[in-house]
2 protein chains.
Amino acid sequence: MNFDFPQLLKSLQLKVTPQRLAILEIMRIADTYLSPEEVQEQVQQRANGKVGLPTIYRNLEELSAQGVISKILHPNRQLYYYFCANRDHHHHFVCLACRTVQDLHDCGCAEMASQIDGQVEFQIMQALGTCRRCCTQNA
Amino acid sequence: MNFDFPQLLKSLQLKVTPQRLAILEIMRIADTYLSPEEVQEQVQQRANGKVGLPTIYRNLEELSAQGVISKILHPNRQLYYYFCANRDHHHHFVCLACRTVQDLHDCGCAEMASQIDGQVEFQIMQALGTCRRCCTQNA
DNA sequence: CTATTAAATCGAAATCATTTCTATTTAGAA
DNA sequence: TTCTAAATAGAAATGATTTCGATTTAATAG
Ligand SMILES: [Mn+2]
Ligand SMILES: [Mn+2]
Ligand SMILES: [Zn+2]
Ligand SMILES: [Zn+2]
């Protein structure tokens with residue numbers, strides 16, 4: 001992954017704004033998935049500058065659409081995003097207790113897609129549950 | 001699948017109400033996924049009796065939680081449900097154009113779960129796109 | 001450096017799918 | 001038939017997300 005965010009944004013034809021850089025930096029250092037509101041809080045804490053919530057929503061969605069960050073599918077149906085440095089094709093296991101995310105390689109995506117009679121546009125694949133650490137603590 | 005819905009409801013410890021039976025019947029005969037509002041419309045058309053929207057929402061969610069119907073993950077983030085008679089473990093390919101659903105067997109769920117360091121509670125897996133029929137028509 | 005402009009941001013307000021609430025009804029059991 | 005927990009109805013609330021119009025700004029060219 002390219003951690004030169006200004007460069008990254010340029011390559012995506014997006015203007016390099018302080019708001020975007022702040023959002024990207026917060027996502028990069030977060031070790032759990034975050035809601036848009038949480039991203040806003042952290043951006044304000046760190047950068048000490050205000051960023052409007054619509055701006056957060058717009059950018060998180062844009063970055064997600066471009067594959068820079070990934071969207072977490074949560075049972076509560078609200079939006080959460082996670083920055084993953086791993087650029088290889090893979091999926092995630094999400095701990096609902098501590099909000100951490102594990103990478104999952106070895107998926108059956110390709111063979112799954114091969115049995116589809118049509119044009120695949122999205123492939124959703126994600127596991128949810130309780131990570132070992134959280135299992136142990138609450139046992 | 002047990003198409004004796006009264007029996008099915010009893011086995012799930014749910015009361016056999018006309019509303020539930022109407023919802024189940026509509027879901028069974030639908031050949032596409034449906035939104036709660038669409039279920040309501042069709043229930044009213046067919047049964048000629050009113051069913052409140054909260055009742056529809058509550059029951060669709062309950063039946064989905066019990067595995068009787070499946071929830072469709074749609075990019076617009078609204079709720080959709082689909083009744084699938086196939087009781088074997090499998091997943092779905094959803095056509096966003098005509099709303100039809102294809103069964104997908106041969107998933108890598110098990111091996112995927114095996115690499116997870118924790119307790120899996122949900123496994124989300126779904127493909128979205130355009131079915132061959134729709135591809136052909138719009139070509 | 002300045003001018004230009006499309007893109008981006010802002011805050012306020014709107015949206016609307018979904019949920020909650022409470023009174024009433026009803027299925028199922030005794 | 002009586003009883004009661006479960007289910008339903010309709011009205012109202014909810015609140016995460018989106019939209020809007022005005023303003024600012026990044027990027028480009030001269
Ligand atoms: Mn990852
Ligand atoms: Mn199916
Ligand atoms: Zn955990
Ligand atoms: Zn189709």
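Below, chain A is the first sequence line, B the second, and so on; all start at residue 1. Owing to the predicted nature of the structure, the values given are computational and were not obtained by experimental measurement.
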Heavy atoms within less than 4.0 Å of DNA chain C: which residues of residues 15-28 of chain A have one? Give them sorted by number. Lys15(A), Thr17(A), Gln19(A), Arg20(A)
Once you round it to whole Å, what is the distance between P of dT18(D) and CD of Gln78(A)? 12 Å
Give a yes or no on whether Val51(A) and Tyr81(A) share a hydrophobic cluster (residues Ile, Leu, Val, Met, Phe, Trp, Tyr; joining criterion: side-chain heavy atoms under 4.5 Å apart). yes
With a 3.5 Å cut-off and no angle check, do the side chains of Ser35(A) and Gln78(A) form a donor-acceptor pair? no
Might you work through the side-chain contact (heavy atoms from CB on, under 4.5 Å) test for His89(A) and Arg87(A), ending with a clear yes or no? CA-CA 7 Å; His89(A) 173 90; Arg87(A) 297 285 81 200; over 6 Å; no
Just how far is it from atom CG of Leu73(A) to atom CG of Leu73(B), taken to the nearest 0.5 Å? 6.0 Å
Heavy-atom pair with the smallest gap, counting every atom of Thr130(B) and Cys135(B): O-SG, 3.6 Å
In this structure, are over 12 heavy atoms from other groups packed under 6.0 Å from Gln137(A) atom CD? yes
Along DNA chain C, first and last positions that approach a heavy atom of chain B under 4.0 Å: dA17(C) to dG28(C)
Contacts to DNA chain C from residues 56-66 of chain A, heavy-atom cutoff under 4.0 Å, which residues? Arg58(A), Asn59(A)
Hey, mind stepping through Leu24(B) and Arg28(B) against side-chain contact (heavy atoms from CB on, under 4.5 Å) and telling me if it holds? CA-CA 6 Å; Leu24(B) 279 167; Arg28(B) 188 183 66 78; over 6 Å; no
Mind checking whether Val43(A) and Leu8(A) sit in one hydrophobic cluster, side chains of I, L, V, M, F, W, Y counted as touching below 4.5 Å? yes
Students should find that the end-to-end axis angle of the helix from dC1(C)-dG30(D) to dA30(C)-dT1(D), with five pairs defining each axis and rounding to 10 degrees, is 40°
Does a donor on one side chain and an acceptor on the other come within less than 3.5 Å for Arg58(A) and Thr55(A)? yes
Rounded to the nearest angstrom, tell me the gap between atom CG in Leu53(B) and atom P in dT8(D). 13 Å
Between N or O atoms, less than 3.5 Å apart, protein on one side and nucleotides 28-30 of chain D on the other: list the pairs.
none

Should the heavy atoms of other residues, nucleotides or ligands under 6.0 Å from CD of Glu37(A) be counted, would the total exceed 12? no
Check: Glu38(B)/Tyr80(B) side-chain N/O donor and acceptor closer than 3.5 Å: no
ILVMFWY network linking Phe83(A) to Ile56(A), side-chain heavy atoms under 4.5 angstrom: yes
Are Ile124(B) and Leu79(B) connected in a single hydrophobic cluster, I mean Ile/Leu/Val/Met/Phe/Trp/Tyr linked by side-chain heavy atoms less than 4.5 Å apart? no
Determine, using ring centers only, whether Tyr33(A) and Tyr82(A) are less than 6.0 Å apart. no
Judged by modelled atom types alone, do Asn76(A) and His74(A) share a side-chain donor-acceptor pair under 3.5 Å? yes
Earlier contact from the 5' end, DNA chain C, for Pro36(B) and Gln13(A): Gln13(A)
Separation of dA7(D) atom P from Leu14(B) atom CG, nearest Å, is 6 Å
For Gln119(B), does the CD atom have more than 12 heavy-atom neighbours from other residues, nucleotides or ligands under 6.0 Å away? no
Carboxylate-amine/guanidinium proximity below 4.0 Å for Arg20(B) and Glu25(B): no
When clusters are formed by joining ILVMFWY residues with side-chain heavy atoms under 4.5 Å apart, either directly or through shared neighbours, do Val120(B) and Val101(A) land in the same one? no
What integer distance in Å separates Gln40(A):CD from dT18(D):P? 15 Å
Taking N or O atoms only and anything under 3.5 Å, show me the protein contacts with nucleotides 21-23 of chain D, one pair per line.
none

